[in-house]
Amino acid sequence: MKRWTLLASVLSLCALLAAGCSTLDEQQREWIFQPSDRSWGNTASMAQGMEDVWIDFQSSITGEPARLHGLWLGGAPETTDTPVMLYLHGARYNVAGSAPRIQRMHELGFSVLAIDYRGFGKSSKGLPSEESAREDARAAWTWLAARHPRQHRYIFGHSLGGAIGIDLAAHVKDESGTIVESTFTSIADVVSSFKWGWLPFGPFITQRFEAINTVKDIGAPLLVVHGTADSLINPTLGRKLYNAATVPKMFVLVEGGSHHNTNSVGEAQYRAALTQLFRMKPENMVASNAGVQRPTPRLAPPAAGRAPTPQDVSGKLEQPAPAAI
């Protein structure tokens, strides 16, 4: 049976190559993004109360007007001490599918703008690509900066959104920090981690998402979070991405965290990391189990002449076997 599966994979690849590069590229974009207007479970209902946001811009890729739909979860009144965050989701589900994670980041003290890339949810239609998703992230960052010019602004990316977020952080100069969760070094490395990854697919990958190269260019502190039970993106890839960064940084390995629940399982570790790396005051964070919202956390300025030093709070990194999709 394994041989038949292997043969089918090889034949599928050959068929795609025979059909031409255009078809190969489109198939990869469909496989990587899995664009949808769906959310999962009851997450759509959890997005109720979040404000709809529309971001219009002229795409330099298509030459046509583009529109992004987003969700805003903020608190009033905002001051210059209120941190704001651009949230970039992963594949398959629309922005409402990230409502629980958006809510948690809000509880950790951020006002959050979360967007759908083109091809997802209510944003402009079309098959997304690495290039278009990067453009969407930069358009959203420009929108956020124009409306919150005096606030500390952060980038957050989950899974595929982490690679998009790393690229954004490498190209802007006004971010206060970047957080990536359950993300990877490159698509080629993800493919190589699968049981059939020894096949020579690398040269044919068009959507490369090589965060391992761009992470070296970011200029603000970086927090990398991964779960030990992530069966989709091997945590060794998160560690490798962390190792390549040259800014003040932290790596947090959440015991038992999966690709989808590390944000909740590791909430206490998140709070500690935000306090240590980004200097957020823990006493002002929202206590998620208390049912009472406390004042928005403030960012304490770094001590004069000192910057946070690189940290690794993960402990020993376990290396589970690579998992199939």
Side-chain angles (χ1 to χ4, degrees), residues 9 28 31-34 88-92 101 130 155-167 169-170 177-205 207-218 221-270 272-273 276-277 309-325:
S9 299
Q28 288 186 36
W31 172 69
I32 291 170
F33 283 95
Q34 303 176 59
L88 302 168
H89 67 69
R92 192 175 182 182
R101 198 175 288 105
E130 179 178 9
I155 299 167
F156 178 95
H158 176 254
S159 191
L160 182 64
I164 298 168
I166 291 291
D167 178 81
T178 301
I179 305 168
V180 294
E181 179 186 321
S182 304
T183 196
F184 51 83
T185 48
S186 69
I187 290 294
D189 284 347
V190 174
V191 172
S192 296
S193 72
F194 297 154
K195 62 183 179 182
W196 37 262
W198 58 269
L199 289 170
F201 290 141
F204 306 108
I205 296 175
Q207 306 293 300
R208 304 196 66 85
F209 288 97
E210 293 181 327
I212 189 66
N213 294 331
T214 53
V215 73
K216 302 171 185 176
D217 297 325
I218 67 175
L222 172 69
L223 173 60
V224 180
V225 183
H226 222 114
T228 62
D230 192 331
S231 61
L232 182 61
I233 305 298
N234 195 304
T236 57
L237 298 184
R239 167 79 78 169
K240 186 177 178 182
L241 185 67
Y242 162 82
N243 287 339
T246 59
V247 293
K249 58 187 177 179
M250 292 181 69
F251 182 85
V252 175
L253 189 66
V254 178
E255 186 66 34
S258 72
H259 191 70
H260 303 290
N261 71 2
T262 291
N263 191 264
S264 58
V265 173
E267 182 178 350
Q269 290 169 270
Y270 255 102
Q276 185 174 346
L277 184 62
T309 54
Q311 301 284 336
D312 182 352
V313 297
S314 64
K316 183 179 179 181
L317 175 64
E318 298 181 10
Q319 299 188 28
I325 292 178

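All values below were derived from every heavy atom in this structure, side-chain atoms included, with hydrogens, water molecules and symmetry-related copies excluded.
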How far does [atom1] of [X] sit from [atom2] of [Y], to the nearest 0.5 angstrom?
X: T246; Y: I218; atom1: OG1; atom2: CD1; answer: 7.5 Å
X: S182; Y: D230; atom1: OG; atom2: CG; answer: 4.5 Å
X: Q207; Y: I187; atom1: CD; atom2: CD1; answer: 8.5 Å
X: T236; Y: L241; atom1: OG1; atom2: CG; answer: 11.5 Å
X: T185; Y: I233; atom1: OG1; atom2: CD1; answer: 9.0 Å

Show the nearest heavy-atom pair for residues [X] and [Y], with the distance to one decimal.
X: I205; Y: A188; value: CD1-CA, 3.6 Å
X: V215; Y: A245; value: CG2-CB, 3.9 Å
X: I212; Y: K240; value: CD1-O, 3.8 Å
X: E181; Y: F156; value: OE1-CZ, 3.7 Å

Flag, side chain of [X] to backbone of [Y], donor-acceptor distance under 3.5 Å:
X: Q269; Y: L253; answer: yes
X: H226; Y: L237; answer: no
X: S159; Y: T183; answer: no

| Could you go step by step and tell me if L160 and F184 meet the side chain to side chain contact (heavy atoms under 4.5 Å, CB included) rule? | CA-CA 8 Å; L160 182 64; F184 51 83; 3.9 Å; yes
The criterion is side chain to side chain donor-acceptor pair (under 3.5 Å); which residues satisfy it with [X], sequence neighbours excluded?
X: E130; result: R134
X: D217; result: none
X: T262; result: none
X: S258; result: N261

| task | Given side chain to side chain contact (heavy atoms under 4.5 Å, CB included), test V224 with K249 step by step and report yes or no. | result | CA-CA 8 Å; V224 180; K249 58 187 177 179; over 6 Å; no
| query | What residues form a ring-ring contact (aromatic ring centres under 6.0 Å, His included) with H259, not counting sequence neighbours? | reply |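 Partners of H259 under the ring-ring contact (aromatic ring centres under 6.0 Å, His included) test: H158.
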| Residues that Y270 engages under ring-ring contact (aromatic ring centres under 6.0 Å, His included), provided they are two or more places apart |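 Per chain and number, Y270 pairs via ring-ring contact (aromatic ring centres under 6.0 Å, His included) with no residue.
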| Taking it one step at a time, do M250 and L223 satisfy side chain to side chain contact (heavy atoms under 4.5 Å, CB included)? | CA-CA 5 Å; M250 292 181 69; L223 173 60; 3.9 Å; yes
| field | Test item: F209 and I32 side chains (from C-beta on) under 4.5 Å apart, heavy atoms | value |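 When only atoms from C-beta onward are counted, I32 and F209 do touch, with a gap below 4.5 Å.
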| So L222 and I166, side chain to side chain contact (heavy atoms under 4.5 Å, CB included) or not? Walk me through it. | CA-CA 9 Å; L222 172 69; I166 291 291; 4.0 Å; yes
